[in-house]
Amino acid sequence: MSDLAPLLVALPIFGSIMVFFAGLVRSESGWPIAVLTSLVQLGGAGLIAVRAFDEQPVEYVVGGFTAPYGIELVIDGLSATMVVLIAVVALGVLGYARVAGPRSNSFYATYLLLVAGLTGMSITGDIFNMYVFLEITGLATYALVASGKGGRSALAALKYLLVGTVGASLFLLGIGYAYVATGTLNMADLSQQLPAVGSMGYTDPLVQASFGLLVAGLFVKVAVFPVHTWQPEAYAGAPDSVSAYISALVSTVAAYALMRIILSVFTVDFLVANSFARTVLVAGAVVSIIFGSVLAVTQTEIKRMLAYSSVSQFGLVVGAIAVANVSALTGAMIHLVGHAIMKGGLFLTTGLVANSTGDRTIDGYEGLAERSSIGAAVFGVLALAMVGVPPAVGFVGKWYIAVGAVEAEAWPLAVVILASTLLTLAYFVRIIERMYFREPAKPSEAVETAETETAASVVADGHGTDAELAPVSTGMRATVLAAAVLAIVLGLGAFEYGQLLEPTIERLLA
Amino acid sequence: MIDILASRLYYLVAFSLLGVGTYMMIGNQNLVKKVIGMNIFQTGIFLFFIVTAFVEGGSPPLLTAAEPYVSPLPHVLILTAIVVGVSLTAVALGLIVRIYSEYGTLNEEAIQKVTADE
């Protein structure tokens, strides 16, 4: 049964190679192979998740070299959640990308490679192995961002590459420090050896530097303010299906890695011994929540606004990691899953609306309910879910995090978390108001502006040079509707999931 | 102070490379030079990692060699990291080719002018 663990990483890589070779024979073969691979991946992820929640973590020793010398794969409740989430989102976005997305075989090959990188990051029990998967994820993401036509996406991808590489390199440097301090790279082994480093243990400068570099590297990948600058460019420059895919998964898995590094490797005792480290985490969270929201409010383009909104939402997760108690971490996991579904769904809806009406700006959304009823309805539901209106999943995650912050008596953080609901409302409600309560100017004028805006956005986004609207398929509509339904249904089931997660988190904090 | 620096000369070299790389990434307008800066930055980290394996008077880590050994693990890890670095450079150069064919220049300011006019 634990043999499934390496297969979860190997299968997407195998599928990716298959897409490449099948492409040499038939050029249209990418999509079916990607869907088949994702379906098998989802099945395997589901099977292993049942085991991981059921008993002790599922462990697998790669190549017969036992830990701490060899690489270990460990799947507990948190990693299992990530693995299932990755499989679900990958499959969902494929349903959308059939008509909307870049359709080349190289796109699907990279797509599957990203699934492999993210899954590997989630289940590895070795810190250097995590770096390698972090870079695989990065490489696949850069290529996917550049898969749009035109110069804008290539430029965004290059900027992302430069910043992302610096982040990953800092992460590597942090691994170097941890290795110098302990002589091991295994996460479980590190957590036992770090307290005994030198004579000072957790307060040893070597250990502190290692923590600082690892966290700084992951902050770049999670896009915490002020190292978030790559994110809006990358999300706005990428094709719609790609922005949904990477916004739902890449930062999410990086946040999961942050949780692993801080709580599994350095443990809560490190945070207790170094109150400064906790202060930095809280400060990062607070600044991200506030500035992410403020920057989101000032945007005119929908996709950029959603990207800045991610900066703010991941601030909540970082805050929960800093608080580090059962409620906050349960909230962090629920919010990670919920954010992936909601933000991915919002990006897909933006693409759907752009394909059917040509509107990509906030002013362009005026009276959208009449022109694209599905787009407006789904956008409205997901936006309200994001704000945290019960029973949607956005509410449950924020509620747990807020309860955790109050339990830990981290008052400034608790206030900002509660205020974050209002801040989120600030940038979403104006769109909902425009969609439902404003007339789309005068009909003739509306058509005219829509047309010029289409032309402008088409050129800017590089989807083509003609002003014709792209097709909207049943698959696209089904995917966005599924995202909206999932956002509500997950909210109803989130409390049960929280209870399911409790033993894992208690083990993590022990 | 000088003694400490002299005994940690390797670290000094590694971290000056980090500084040079960072400066090149921020200060240069040319995209290719930015990528070169990224490579120098990574090389600084690779060197630091390799130096940690060094043992005074150590022999190569072979079965028949005499004690003490030089730790083989960092060498293996950095080999992996170098492969990653090469792939990153390849992707970056591929992107630069696309940017050049699109804008006809690799100067960041000039590209910004073109994109602002759009």
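Only heavy atoms go into these numbers, but all of them, side chains included; no hydrogens, no water, no symmetry mates. Quick note on labels: first sequence line is chain A, next is B, and so on, each numbered from 1.
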| request: Report the distance from atom CD1 of B:Ile111 to atom CZ of A:Arg152, rounding to the nearest 0.5 Å. | output: 14.5 Å
| query | Would a 4.5 Å heavy-atom cut-off, applied to side chains only, mark A:Leu155 and B:Glu102 as touching? | reply | no
| A:Ile136 portion near chain B, given a 4.5 angstrom heavy-atom threshold | neither
| note | Here the pair of heavy atoms bringing B:Leu95 nearest to A:Leu158 is CD1-N, 3.7 Å
| query | Is the closest side-chain heavy-atom distance between A:Tyr131 and B:Thr80 below 4.5 Å? | reply | no
| said: Atom CZ of residue position A:Phe20 - does it have more than 12 heavy atoms of other residues, nucleotides or ligands inside 6.0 Å? | reply: no
| said: Quick check for you: to the nearest 0.5 Å, what is the distance between A:Thr184 atom OG1 and B:Leu73 atom CG? | reply: 9.0 Å
| message | Quick check for you: to the nearest 0.5 Å, what is the distance between B:Ile45 atom CD1 and A:Phe171 atom CZ? | response | 12.0 Å
| query | Side chains of A:Ser153 and B:Arg98: closer than 4.5 Å at any heavy-atom pair? | reply | yes
| said: Between B:Phe41 and A:Leu162, is the side chain to side chain contact (heavy atoms under 4.5 Å, CB included) condition met? List the steps. | reply: CA-CA 11 Å; B:Phe41 183 85; A:Leu162 289 171; over 6 Å; no
| Passing option when A:Thr165 is tested against B:Leu88, B:Thr89, B:Val91 for side chain to side chain contact (heavy atoms under 4.5 Å, CB included) | B:Leu88
| Criterion side chain to side chain contact (heavy atoms under 4.5 Å, CB included) on A:Tyr179 and B:Leu77, from CA distance to verdict | CA-CA 11 Å; A:Tyr179 177 73; B:Leu77 299 182; 5.5 Å; no
| field | Part of B:Tyr100 within contact of chain A (heavy atom distance under 4.5 Å) | value | neither
| query | A:Leu172 and B:Ala81: which non-hydrogen atoms are nearest, and at how many Å? | reply | CD2-CB, 4.1 Å
